[in-house]
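Reminder, nothing fancy here: chain letters follow the sequence lines and each chain counts from 1.
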Amino acid sequence: MHVSFGVALLAAVLAGFIGAMSGLGGGVVLTPVLTLFGYDIKHAIALSALTVIATSSGSAAAYVRDRITNIRIGMFLEMFTIIGALIGATITLSAAKRPLFIAFGLVLLFSWATSFFQKPRTSYHPATPDRISRWLALKGEYYDLAERRSIPYHATNAIWGGLILFCAGVIAGLLGIGAGAVKVLAMDRVMGLPPKVSTTTSNFIIGVTALAGTSVYLASGLIDSGLAGPTVLGVLGGSFLATRLLVRLSNRTVRTFFLFVFLLIGIQMIIRGIGGYV
Amino acid sequence: MKAEPARSAGMEEAVPHGGFDIEVVIGTALSIGVLISAGLVILGLAWHWLTTGQLTFHLPFTGANLFDVIAQSIRRVVNDHDRSIGVIWLGLAVLMLTPYARVVASVIYFAFADRDWKFTAITLFVLIVLTVSLFIR
């Protein structure tokens, strides 16, 4: 079933807004909302992959210029995510709809959980680099505005990080999302990078990963060019609005509310998948 | 640029390669790409609405790779065959080319400015995989 211009725009603005407000990205909201309007999940995933390129490129631009993003670590990890994304998107082409709903719901719950149970770390202790990290010089330094000093850091467990990022790529391609929660978790906990570097570098990787997935969807004919326009604009507009609003509203209640919305979307996706209400 | 003295010490170290500041180049490329893309899509949609009176149209990219999309949209604009749709397609193509251009810039940087063969190989690998995937149909 087709959806109209207005529905696509509305769903996209909502997705961009909730995604930026919760800090979990717009891709995970767009597809569930579009399917609620009766749009086919695979077509929604294909559109969503395209919008992820827009949102991640937009925000990555600022982070890269602020010199927090580690381009070397980003490029190293992209080798793994793009291969994963190509595989993931190819699986979606031939997958049944119900497992896609369930997988979507599970990823939403996982992102929600990592965000909900996350304890902000007070200090950062540089990890001891492994051989690959040393050989490739996967290290850097960024200026922390809060601590008012330069923080040097070094990556570790490069291969484990790469393998998890490969899985994150599969999820990203499969569901047309950024899978930022998995990426950040791997860089933060496994590769021992400072939280700020993990988040911004994850964002940097997401654009290229989404492009790999999008290329598969483009070739398969799942992207409706008539709906792609309003969706891309809507997501960009929604997230822009949210970032403007967040500057004024930055309290925990707002974030908690949007995380709750996230939880609801995740649960309804799983119920629909299991019950067959696709 | 904003002057931030506290950061300048670190910045000098970050710009060692004869003016090719990778962070500024990539950051600028990304934001320009998204802006041009959004601009073209808005222009195309407005044009489509003015000429047909409708905003919604359904036209899947069937069996097309990125380079087909670019070729077809240019053909549409030149031959006056649904020009507005051609403009929207160009906008979407620019969006897809934005991360691609970023990878191209990284290859150039690591090969010619940083002269780091390991990272030239890594970025080249990413570029080749992306190029091949964009050629599939």
Side-chain angles (χ1 to χ4, degrees), chain A residues 2-6 8-9 43 50 53-58 60-67 69 71-72 75-76 78-79 82-83 85-86 135-137 141-143 145 148-150 204 207-212 214-216 218-230 232-233 236, chain B residues 4 6-7 9-11 13-14 22-24 26-34 37-38 41-42 44-45 48 54-66 69 85 88-89 91-92 95-96 98-100 102-103 106 109-110 116 118-119 122-123 125-126 129-130 133-137:
Chain A
H2 284 315
V3 292
S4 70
F5 179 93
L9 187 69
H43 286 81
L50 187 65
I53 302 179
T55 41
S56 93
S57 300
Y63 293 137
V64 169
R65 270 187 298 234
D66 283 347
R67 293 167 209 281
T69 307
I71 295 176
R72 294 174 75 89
M75 294 300 307
F76 169 73
E78 271 167 17
M79 288 198 295
I82 54 169
I83 302 287
L86 291 172
W135 187 63
L136 291 175
E141 198 176 334
Y142 78 100
Y143 184 78
L145 281 172
R148 305 186 129 268
R149 66 183 180 100
S150 223
F204 181 72
V208 166
T209 313
L211 177 62
T214 305
S215 71
V216 175
L218 186 67
S220 71
L222 281 172
I223 299 178
D224 184 338
S225 70
L227 292 181
V232 168
L233 293 178
L236 280 176
Chain B
E4 285 180 48
R7 233 157 69 173
M11 300 257 274
E13 219 177 314
I22 185 78
E23 265 100 357
V24 171
I26 286 182
T28 313
L30 288 175
S31 37
I32 289 178
V34 174
S37 161
V41 171
I42 291 173
L45 282 172
H48 190 75
Q54 284 188 321
L55 277 170
T56 310
F57 65 93
H58 297 285
L59 198 59
F61 294 116
T62 31
N65 63 39
L66 179 60
V69 171
I85 292 180
I88 296 172
W89 283 15
L92 299 173
L95 181 64
M96 289 184 254
T98 300
Y100 187 77
R102 193 269 272 167
V103 176
S106 316
Y109 169 77
F110 285 118
D116 179 335
K118 292 174 205 161
F119 268 85
I122 288 174
T123 45
F125 173 81
V126 173
V129 173
L130 276 183
S133 75
L134 286 172
F135 265 111
I136 50 176
R137 61 175 96 189

Mind ranking [options] by heavy-atom pairs under 4.5 Å with chain A and telling me who comes out on top?
options	value
Ile32(B), Val41(B), Ile88(B)	Val41(B)
Gly44(B), Ala29(B), Pro99(B)	Pro99(B)
Ser37(B), Gly33(B), Ser31(B)	Ser31(B)

Which bit of [X] comes within less than 4.5 Å of chain A, counting heavy atoms only: side chain, backbone, both or neither?
X	result
Phe57(B)	both
Tyr100(B)	both
Leu45(B)	side chain

Region of [X] that comes under 4.5 Å of a non-hydrogen atom in chain B:
X	value
Arg149(A)	neither
Leu136(A)	both
Leu236(A)	side chain
Thr214(A)	side chain
Leu227(A)	both
Leu50(A)	both
Val208(A)	both

| query | Looking at Phe204(A) and Ile26(B), what are the two nearest heavy atoms and their distance? | reply | CE1-CG2, 4.0 Å
| Counterpart residues, salt bridge (Lys or Arg N to Asp or Glu O under 4.0 Å), relative to Arg102(B) (two or more places apart) | Glu78(A)
| request: Using the test side chain to side chain contact (heavy atoms under 4.5 Å, CB included), find all partners of Leu55(B) that sit at least two apart in sequence or belong to another chain. | output: Phe5(A), Trp49(B)
